[in-house]
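Chain letters run A, B, ... following the sequence lines, proteins first and then strands; every chain starts at 1. Atom set for the values below is all heavy atoms of this structure, side chains included, hydrogens, waters and symmetry mates excluded.
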Amino acid sequence: MAMTLPDNVVQVTELSKKFPNGPLALDRVSLEVPKGQLLSLIGLSGSGKSTLLRHLNGLIQPTSGTVNVLDTNVVAAGRRELRALRREVGFVFQAFGLVGRLTALENVLSGSLGRLNGPRFGTLMYPKTLRREALENLDRVGLGDQVFQRSDTLSGGQQQRVAIARTLMQRPSLLLADEPVASLDPESAAQVMDVLFRIVVEDQLTVICTLHQVELALGWAQRIVGLRDGQVVLDRAVDNLDQEAVMDVYRRVEPGQKVSEGQDLTGSPSTRVS
Amino acid sequence: MSPAELSQPIEQGKSETPSSTRSLESRLKRKTSGDRLFLRCVIVIFIAAVVWAWRHIDMSFSGLIAGVGDVRNLLGRMLPPRFSDLDDAIRLGFETLWMAVIGTTIAVVLSFPIALGAARNTTPHPVVMAVCRGIIVLSRAVPDLIFAAIFVRAIGIGVLPGVIALGLHSIGMIGKLFADAIEQTDKSPREAVTSVGASKWQAITTSVIPQAMPSFISTILYRLDINLRSSSVLGIVGAGGIGFLLQANLRSLQYDEALGVVTVVFVLITVMEFFSAAIRATLLGGDRTLVGRSTPRASLGSKLFSRLSTRGSESATSSQRFNRDTVRPPWIGELRMKTIYGVALFILIVVAFRSVSLNPGELLGAFPDVWKVITRMFPPDFTTARQPIIDGIIESVAAALVATFMGALISIPLGLMAARNVAFNKFVYLLSRLFLLFVRGIPELIIAVIFIAAIGLGPVPGTLALAFGTSGFLAKLVADAVEEINPTPREAVFAVGATRNQEIATSVVPQAIPAIVSNLLYALDINLRTSTILGIVGGGGIGFILFNALRVLKLQTVGAVLITIFVVVYAIELLSGWIRKKIL
Ligand SMILES: Nc1ncnc2c1ncn2[C@@H]1O[C@H](COP(=O)(O)OP(=O)(O)O)[C@@H](O)[C@H]1O
Ligand SMILES: [Mg+2]
């Protein structure tokens with residue numbers, strides 16, 4: 001990391017995204033995330049959470065607006081700059097993104113590809129120092145016993161922990177997590193969130209995590225941002241947040257019923273905290 | 001365990017298999033009356049075309065009966081087979097095997113970059129994609145025997161033109177199936193690897209290739225089987241292998257010797273199928289779901305081989321001991337299997353090159369000559385031999401139509417008998433499966449050569465040979481299609497007290513008809529490809545003109561013939577593909 005740390009790790013202004021023949025997935029979203037913050041992004045399915053996260057490391061290019069992450073202008077960045085940025089930004093996916101046929105270790109090792117040049121076939125093509133590092137990271141997520149097991153023979157919770165260990169290979173300063181526990185049973189989900197939280201605290205990471213379990217978000221985050229139909233409808237610190245305001249994010253606008261409240265939510269400054 | 005269960009579908013490509021890879025969803029889909037009308041139209045047009053073709057090639061029932069008599073006569077002179085130059089036959093048999101190995105190796109090496117360029121998710125540029133797909137389509141449409149005949153003129157008689165022909169022609173299927181496999185990979189691992197900062201090629205090698213690997217292996221083994229059949233006939237045009245010996249024996253009327261050679265070919269092909277089924281079962285054991293139905297049912301060979309791998313694999317799930325300092329993967333289970341197979345494969349390829357005394361430099365050196373011959377075919381000359389080309393291609397299409405129809409007549413009852421859920425008793429089932437195995441163990445062109453020896457030159461023996469060959473693999477497809485049908489309507493028919501034959505007529509056949517028609521079209525597609533080369537051995541059709549033009553080195557005419565073949569074969573392929581998609 002550069003010596004002059006930016007105050008805001010993430011700075012998004014007026015970001016809009018329209019998919020070709022798709023909906024307006026993001027509608028003038030602005031978001032600032034200071035270093036070290038644990039932010040949870042909530043909203044109904046289809047509200048644009050994943051799309052927002054994917055903009056932050058350049059997996060998607062915006063229709064309009066600016067995206068600055070770790071002092072990199074993501075929109076203008078060339079391939080090389082983008083690779084450099086992605087190296088710094090960890091990403092944990094709902095679908096884990098593991099190659100099932102490869103061992104846990106090899107999947108973890110692939111997290112170091114950003115630091116290496118050229119392709120790698122097989123564990124032994126990675127240097128020994130990286131293999132040791134990968135082993136340590138597997139230990140850290142509690143999978144020291146499954147190092148050489150094929151990833152598709154691991155349980156869902158174990159697979160997500162492998163994915164977290166892979167992200168640790170990047171030694172990220174910003175961690176993006178897209179519904180990391182949505183496809184897990186409650187017990188594995190709790191275990192994965194514990195591991196994630198412990199690491200985040202130990203490594204002092206900045207985190208943006210989308211979740212759709214509100215209790216999980218409330219217990220975990222310092223700040224909650226709510227999206228609906230691609231718009232930010234809630235942005236508050238957790239301490240002065242009541243359950244009602246959070247549930248409003250999920251409330252559908254039903255015709256002829258509480259219309260005013262629905263409109264109020266989208267536009268009202270009361271839900272926007274500066 | 002019957003030996004027939006070892007046999008793998010040969011002519012059917014995985015992605016091209018009409019009956020077996022059809023999704024459950026599409027099978028459950030209710031047929032609308034429009035679909036049924038379409039199906040009926042297809043059947044009527046097909047029958048009309050067959051009637052026309054039957055007349056066109058002067059096929060007649062009396063001729064057919066006479067032909068059967070001729071073949072019986074010839075068989076009488078062939079039996080018992082003689083093996084007086086068995087040493088020679090075995091030596092050439094191995095040469096045939098090595099040619100198949102080298103040809104497949106060449107094809108894999110060339111296909112890999114082409115597939116990466118042709119797959120939507122890995123191609124560097126749309127133009128590259130179009131070019132790669134073009135190469136795939138072209139190489140598939142030109143039969144390997146035609147490639148071989150041309151290359152023999154370019155670089156002389158021997159193994160070299162043979163392996164290059166196998167290699168170039170196999171790009172079509174291998175490249176296509178590789179590209180399909182690449183496109184079917186899950187994209188989430190790739191996104192994950194990209195988001196750690198990996199470059200495009202790092203992401204492809206780390207996340208896409210490993211996912212596609214089981215399918216790659218399956219394709220390669222499958223193509224190796226096919227290339228072994230092809231390489232056993234290449235000798236007919238002087239491109240090496242055992243086909244040369246067969247041709248020589250037939251020319252000198254030593255029919256019993258010829259049958260000896262055919263026996264060697266049969267054994268070779270059957271043993272190869274056995275091994276490839278076994279290797280497939282072991283190597284792909286853990287990935288069965290990834291390669292779907294193309295993995296074989298349990299076979300003797302696979303049991304044999306899997307014993308090797310299971311010995312170490314129990315440790316794959318428990319915690320393994322390894323050196324925490326070096327973090328090297330322990331050499332057990334799957335890894336050990338893969339290493340053993342990898343080393344064995346490498347040795348096999350080296351042995352292959354050594355045995356046919358071919359060095360890779362020589363191989364590379366031949367490509368400029370090949371290229372020169374290809375460029376000399378342009379611009380193609382359509383005028384000099386215009387009428388023969390037109391007549392020839394029409395005759396080829398007619399022969400393919402009649403052969404498909406006759407093949408169907410033989411194969412539908414045969415296929416029903418060989419279907420486990422229909423077979424009248426175990427004996428009939430086994431007998432039919434064995435017959436299928438036998439027919440499929442002899443390449444069609446060898447059957448054609450024998451039929452021509454028996455009946456004489458012309459499209460009729462060629463067509464008969466084609467029909468005979470088709471019936472083998474068509475019956476297999478029919479049997480598989482019937483085994484897959486939904487059992488419920490059958491039970492309902494049984495329940496009202498129908499007899500077995502009534503039951504087959506009312507419930508089994510109608511249910512299997514779309515699949516059977518689809519397989520027929522597929523067979524037509526393949527038969528057309530084969531019928532374009534029948535002329536090379538005297539079986540009529542456009543191959544004869546091609547061969548003559550080559551003999552007098554009228555390469556521009558050869559170019560015209562090739563383009564004609566390509567256009568017609570490709571058009572029929574598109575048409576049959578379109579119809580198949582509509583009726584299934
Ligand atoms: N690649 C895409 N192409 C077209 N539309 C997309 C694509 N990705 C997402 N969308 C659409 O954008 C909207 C937001 O999706 P997403 O960001 O995945 O929502 P969330 O993660 O909150 O469930 C949805 O309407 C979705 O259908
Ligand atoms: Mg999402």
#### Entry: Pairwise side-chain contact, L102(A) with S207(B), heavy-atom cut-off 4.5 Å (strictly under)
no
### Query
chain B heavy atoms under 4.5 Å from N107(A): which part of the residue, side chain, backbone, both or neither?
neither
### Task
Report the residues that fulfil side-chain contact (heavy atoms from CB on, under 4.5 Å) with K187(B), sequence neighbours left out, ordered by chain and then residue number.
none
### Task
Find out whether E106(A) and P210(B) are in side-chain contact, i.e. whether some heavy atom of one side chain is under 4.5 Å from a heavy atom of the other.
no
### CD/E202(A): more than 12 non-hydrogen atoms of other groups inside 6.0 Å
yes
### Message
Contact between P330(B) and F148(A) at the side-chain level, heavy atoms closer than 4.5 Å - yes or no?
### Response
yes
### Query
If you count heavy-atom pairs under 4.5 Å between each of T103(A), D139(A), L154(A), L176(A) and chain B, which one has the most?
D139(A)
### Message
Quick check on L105(A) against chain B: is it the side chain, the backbone, both or neither that has a heavy atom closer than 4.5 Å?
### Response
side chain
### Task
Answer with side chain, backbone, both or neither: which region of D178(A) has an atom nearer than 4.5 Å to a non-hydrogen atom of chain B?
neither
### Query
Using non-hydrogen atoms and a limit below 4.5 Å, what part of residues 158-169 of chain A faces chain B?
R166(A)
### Message
Distance check, rounded to the nearest 0.5 Å: R324(B) atom CZ versus R132(A) atom CZ?
### Response
11.0 Å
### Task
Identify the heavy atoms of T206(B) and V99(A) that sit nearest to each other, and give their distance.
O-CG2, 3.7 Å
### Query
Relative to chain B, which segment of V92(A) carries a heavy atom at a distance below 4.5 Å: side chain, backbone, both, or neither?
neither
### Query
Taking G144(A), G111(A), P172(A) one by one, which has the highest count of heavy-atom pairs under 4.5 Å against chain B?
G111(A)
### Task
Counting only heavy atoms closer than 4.5 Å, note whether R54(A) contacts chain B via side chain, backbone, both or neither.
side chain
### Heavy-atom pair of closest approach, residues T123(A) and V327(B)
CG2-O, 4.4 Å
#### Entry: residues 72-87 of chain A: residues contacting chain B (heavy atom under 4.5 Å, by number)
R83(A), R86(A), R87(A)
### Summary
Filtered by a 4.5 Å non-hydrogen cutoff, the part of residues 189-205 of chain B contacting chain A is P189(B), E191(B), A192(B), V193(B), T194(B), S195(B), V196(B), G197(B), A198(B), S199(B), Q202(B), T205(B)
### Task
Select one option (side chain, backbone, both, neither) describing which atoms of D186(B) are under 4.5 Å from chain A's heavy atoms.
neither
